[in-house]
Amino acid sequence: MSKRVPIVAGNWKMNKTATQARAFAIQLRERIRNVTDREIIVFPPFTALPVVADELRNSNIRFGGQNMHWERSGAFTGEVSADFLSDLGCTHVLVGHSERRRDFGEDDDTCSRKVRTALDAGLIPLFCCGETLEQRNAEQTSDVVKHQLSIGLDSVKDEEFIIAYEPVWAIGTGKTATSTQAEEVHRWIREWLGKRFGPAVAETVRILYGGSVKPNNINELMAEPDIDGALVGGAGLDLASFEPIVRFK
Ligand code: 13P
């Protein structure tokens, strides 16, 4: 059994108005208030963050932004800064989610700048990586993931961060990587962490799996030695599915 405290995180993506988010946050807080042996983090849309912060500030649930700009402030119309997030009480921020890479042109360099800025603003980056189906079929998974990590985390020193391995072909498709497939990549990532940061960091960094995590596959995934938690999309939007995932065995 790993000494790393597991994390269950819910990425709400572009779902839930502020009104819906408040109601959900209240229910989630009441339902899982006795869960203390794992970390729970939610990533609401920006517009819902203030109300979620109001409801969760003194709870066992932490919250963060789904994205942020790489600069601290300035003329960037429509953007949200790391300081805006930390001022609301956010502790974490997602960086490099595949939907942002695919639809908004985020590349490894952008991700690297965001990681640095997040750390400078006191946020813990949850860095997302993962291969497409084409890359997996071409047996490039290990190279792709290590490349994303080596550029994305190039500025990190002795600072806390979290990794989420999210194979693109498993996101929102109902196709989960098998626990064996996921564990293989998590092991590669931990080996890479050992080479890049040393054995102590490799032992402590949490590596989450994301991609069609559901109540019926969470236990099998969490039984793997290098899977330290889950980044949940669709199943994180309903308490009926998120609560059993949070309470994985
Ligand atoms: P799904 O759980 O809906 O596949 O989404 C995963 C994800 O992208 C979490 O960030």
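Please read these numbers as outputs of a predicted model, since none were measured by experiment. The figures that follow rest on heavy atoms only: side chains count, while hydrogens, waters and symmetry mates do not. Each ligand, and each atom within it, is numbered from 1 in the order the structure gives.
- Distances from ligand 1 to the non-hydrogen atoms of Ala235 include no value under 4.0 Å.
- Of all protein heavy atoms, the one closest to atom 3 (O) of ligand 1 is Gly234 N, 2.9 Å.
- Distance alone, capped at 3.5 Å, is enough to place a donor-acceptor pair between the Asn60 side chain and the Val35 backbone.
- Protein heavy atom nearest atom 2 (O) of ligand 1, with residue, atom name and distance: Gly233 N, 2.9 Å.
- Distances from ligand 1 to the non-hydrogen atoms of Gly211 include at least one value under 4.0 Å.
- Ranking protein heavy atoms by distance to atom 5 (O) of ligand 1, first place goes to Lys13 NZ, 3.2 Å.
- Between the side chain of Tyr209 and the backbone N or O of Ala177, at least one donor-acceptor pair lies under 3.5 Å.
- No side-chain N or O of Asp120 forms a donor-acceptor pair with one of Thr117 less than 3.5 Å apart.
- In terms of polar-atom proximity, defined here as any N/O pair under 3.5 Å, Asn11 does make such a contact with ligand 1.
- Contacts between Ala170 and ligand 1, counted as non-hydrogen atom pairs separated by less than 4.0 Å, involve the backbone only.
- Residues Phe248 and Glu220 have side chains not in contact (no heavy-atom distance under 4.5 Å, counting atoms from C-beta outward).
- Judged by distance alone, with hydrogens and angles left aside, the side-chain atoms of Thr204 form a donor-acceptor pair with the main-chain N or O of Ala200 at under 3.5 Å.
- For Ile171, no nitrogen or oxygen atom sits less than 3.5 Å from a nitrogen or oxygen atom of ligand 1, counting backbone and side chain alike.
- Under the 4.5 Å side-chain criterion, counting only non-hydrogen atoms from C-beta, Phe43 is in contact with His92.
- Protein heavy atom at the shortest distance from atom 9 (C) of ligand 1 is Glu166 OE2, 2.9 Å.
- Residue-ligand proximity, Ser212 to ligand 1, at heavy-atom distances under 4.0 Å covers atoms 1 (P), 2 (O), 4 (O).
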